[in-house]
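Worksheet: one structure, shown below.
Since we're looking at a predicted model, the values are computed, not measured. Counting from 1, the numbers follow the sequence of the chain as shown.
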Amino acid sequence: MPIASSATTSSRLLSLLSLLQVPRDWPGVLLADRLGVSERTVRRDVDRLRELGYPVQAVKGPDGGYRLEAGSQMPPLLFDDEQAVALAVALRIAVGTGAGIEEAAARALATVRQVLPSRLRQRVDALEISAAGHGTEPQIDTGVLLTLSAAVRAREELRFDYHSPGRHEDAEPRRPRRVQAHHLVVRAGRWYVVGWDPDRDDWRTYRADRMTPRVPTGPRFVPREVPGGDIAAFLSTRFKGSESADVWPCRGEVVLGLPAAKVAPFAGDGVVEALDTARTRLTTGAWSWAALAAALARFDTEIEVIGPPELRAAFAELSDRAGRAARSE
C-alpha cells in the first residue's frame, strides 16, 4: 500500500475527528468504511490524535470501536461552518447576558475570528451587534452563576444569603434561606433562580445577583414540575403579578386618539385594533389599576375608557394625584 502524503493524512485526521465528535461509539470497521481506509490505518490515526491531545478511548465489545471522551486539557477543536458562525454570534451577544464574562467573551471571539476562513470571517463581520447595557444594574459573579447552576443540575438544596433592596447593611443578620433550585434562567438581562421553598411551601423566584451561596449545599431533593409545566410561562405569570394564568390581573379597554401605527410599537402584549385613520382600540393589562391608568396616560392623547369601571376609577384617582402634585410647592 503506498504511503499517503502528509496533506492526505491531515485531511483524513480531520475527517476522523469530525466523526468522533458525534456522541456515539464508532466501531473500527465503520470508521474504516467512512474514511475509505483499512482498520489498521484507523488505529494509526487514532494514535496520532491521542498524541495531539485528543482523549480517544477504545470501546470494548464484539465489534470494538472508539469514542471521544473528555480530557484533562482542551485540545484543538473542529467545527463545521455552521457551528463556527454560531459560536462567533453567541460570543458577540454574550455581553448582554449579565453573566460578567464580557472580557473573556471578547478574547474568545478574537481567537475564533483569527482562525476562521475568509468566507466565514466576512459573514461574522457583517453581523454588527450593539449591546444595550442595563445601566447600573449589577452583574452576577461568574463563580456564583456556576455554583447555582451546579446545584440545579445536581438537584441539591441551595443555602444562601439574600440581599434585599433597601435593607441597611448594619441591620441584624438574617438566617440563611434555602430553596430547592429547579431552574436557572435569564430574563431581560437578569438571572433568576426558580425553585420550591420548603419553608413557605410554595414556588419562589430569586434574583441571582442578590444571592450569596453558602457551602456546603443542602440535601438532594426530588424535582417537581413548575405550575403549568412551562418555565417561561410560569415566569411570565409571576412577573405579571398573577398566581395562575399567564394574564395580567387588571385588564382594560380604551380608545386612543392616535392611529394604530403609532400605538402598536408601545402596546407590549396588548391587542391593537384600528377603528379609523385617527383612532385605535387598545386592550391591555397591568399588575394594578393605577399602573394600567398610568401606562395608558403615557400615550399623550385623548383617552376614552370602554371598561371596566375599575379603570375609570383609577384614572380619576390619577387625575386627583396629578392635580395635587401641580399645586404642591
Side-chain angles (χ1 to χ4, degrees), residues 96-98 132 134-135 137 164-166 182-197 200-210 224-326:
T97 64
H134 300 277
E137 293 178 5
S164 300
H182 284 62
H183 299 276
L184 177 63
V185 296
V186 60
R187 186 177 191 271
R190 284 180 175 171
W191 291 85
Y192 297 90
V193 170
V194 179
W196 177 262
D197 189 324
R200 295 177 173 84
D201 198 32
D202 194 11
W203 289 92
R204 287 290 187 269
T205 301
Y206 298 96
R207 273 182 51 174
D209 59 275
R210 295 175 178 170
R224 305 166 182 256
E225 185 177 42
V226 296
D230 187 312
I231 183 61
F234 172 78
L235 269 183
S236 180
T237 297
R238 288 300 176 95
F239 277 100
K240 287 178 178 176
S242 178
E243 291 296 328
S244 54
D246 184 16
V247 295
W248 293 107
C250 301
R251 288 182 62 82
E253 183 179 346
V254 298
V255 173
L256 302 173
L258 291 171
K262 291 188 176 181
V263 174
F266 308 100
D269 59 357
V271 178
V272 177
E273 178 187 357
L275 298 180
D276 51 45
T277 57
R279 296 188 311 145
T280 300
R281 187 196 310 271
L282 174 61
T283 303
T284 187
W287 54 88
S288 71
W289 293 112
L292 180 55
L296 292 169
R298 68 194 173 103
F299 282 100
D300 193 23
T301 187
E302 294 299 317
I303 302 174
E304 177 188 351
V305 178
I306 305 301
E310 291 85 351
L311 181 55
R312 291 193 183 91
F315 269 113
E317 175 60 26
L318 183 63
S319 176
D320 291 341
R321 290 180 185 174
R324 291 193 295 271

Check: Arg238 side chain, Ala233 main-chain N or O, donor-acceptor pair, under 3.5 Å: no
Criterion side chain to side chain contact (heavy atoms under 4.5 Å, CB included) on Asp202 and Asp197, from CA distance to verdict: CA-CA 6 Å; Asp202 194 11; Asp197 189 324; 5.8 Å; no
With side chain to side chain contact (heavy atoms under 4.5 Å, CB included) as the criterion, how do Leu282 and Leu296 come out once you've worked through the C-alpha distance, each side chain's angles and the decisive distance to 0.1 Å? CA-CA 9 Å; Leu282 174 61; Leu296 292 169; 3.8 Å; yes
Criterion side chain to side chain contact (heavy atoms under 4.5 Å, CB included) on Leu292 and Trp248, from CA distance to verdict: CA-CA 10 Å; Leu292 180 55; Trp248 293 107; over 6 Å; no
So, for Val185 and Val194, which heavy atoms are closest and what is the spacing to 0.1 Å? CG2-CG2, 4.4 Å
Do you know which two heavy atoms are closest between Pro265 and Ala261, and how far apart they sit? CD-O, 3.2 Å
Side chain to side chain contact (heavy atoms under 4.5 Å, CB included) for Ile303 and Leu256? Distances and angles first, verdict last. CA-CA 5 Å; Ile303 302 174; Leu256 302 173; 3.7 Å; yes
So, for Val272 and Ala267, which heavy atoms are closest and what is the spacing to 0.1 Å? CG2-CB, 3.5 Å
Which pairs count as salt bridge (Lys or Arg N to Asp or Glu O under 4.0 Å) when at least one residue sits in residues 279-303, sequence neighbours excluded? Glu253-Arg281, Glu273-Arg281, Asp276-Arg279
Exactly one of Trp196, Trp203, Tyr206 should register a ring-ring contact (aromatic ring centres under 6.0 Å, His included) with His182. Which one does? Trp203
Find out whether Tyr192 and Arg207 are in side-chain contact, i.e. whether some heavy atom of one side chain is under 4.5 Å from a heavy atom of the other. yes
Tell me the closest heavy-atom pair linking Pro308 and Arg251, and the distance in Å. CD-O, 3.4 Å
State whether the side chain of Thr283 and the backbone N or O of Val271 hold a donor-acceptor pair below 3.5 Å, judged by distance alone. no
Minimal heavy-atom distance between Ala274 and Ala260, with the atoms involved, is CB-CB, 3.8 Å
Can you give me the closest heavy-atom contact between Phe315 and Ala293, atom names plus distance? CE2-O, 3.6 Å
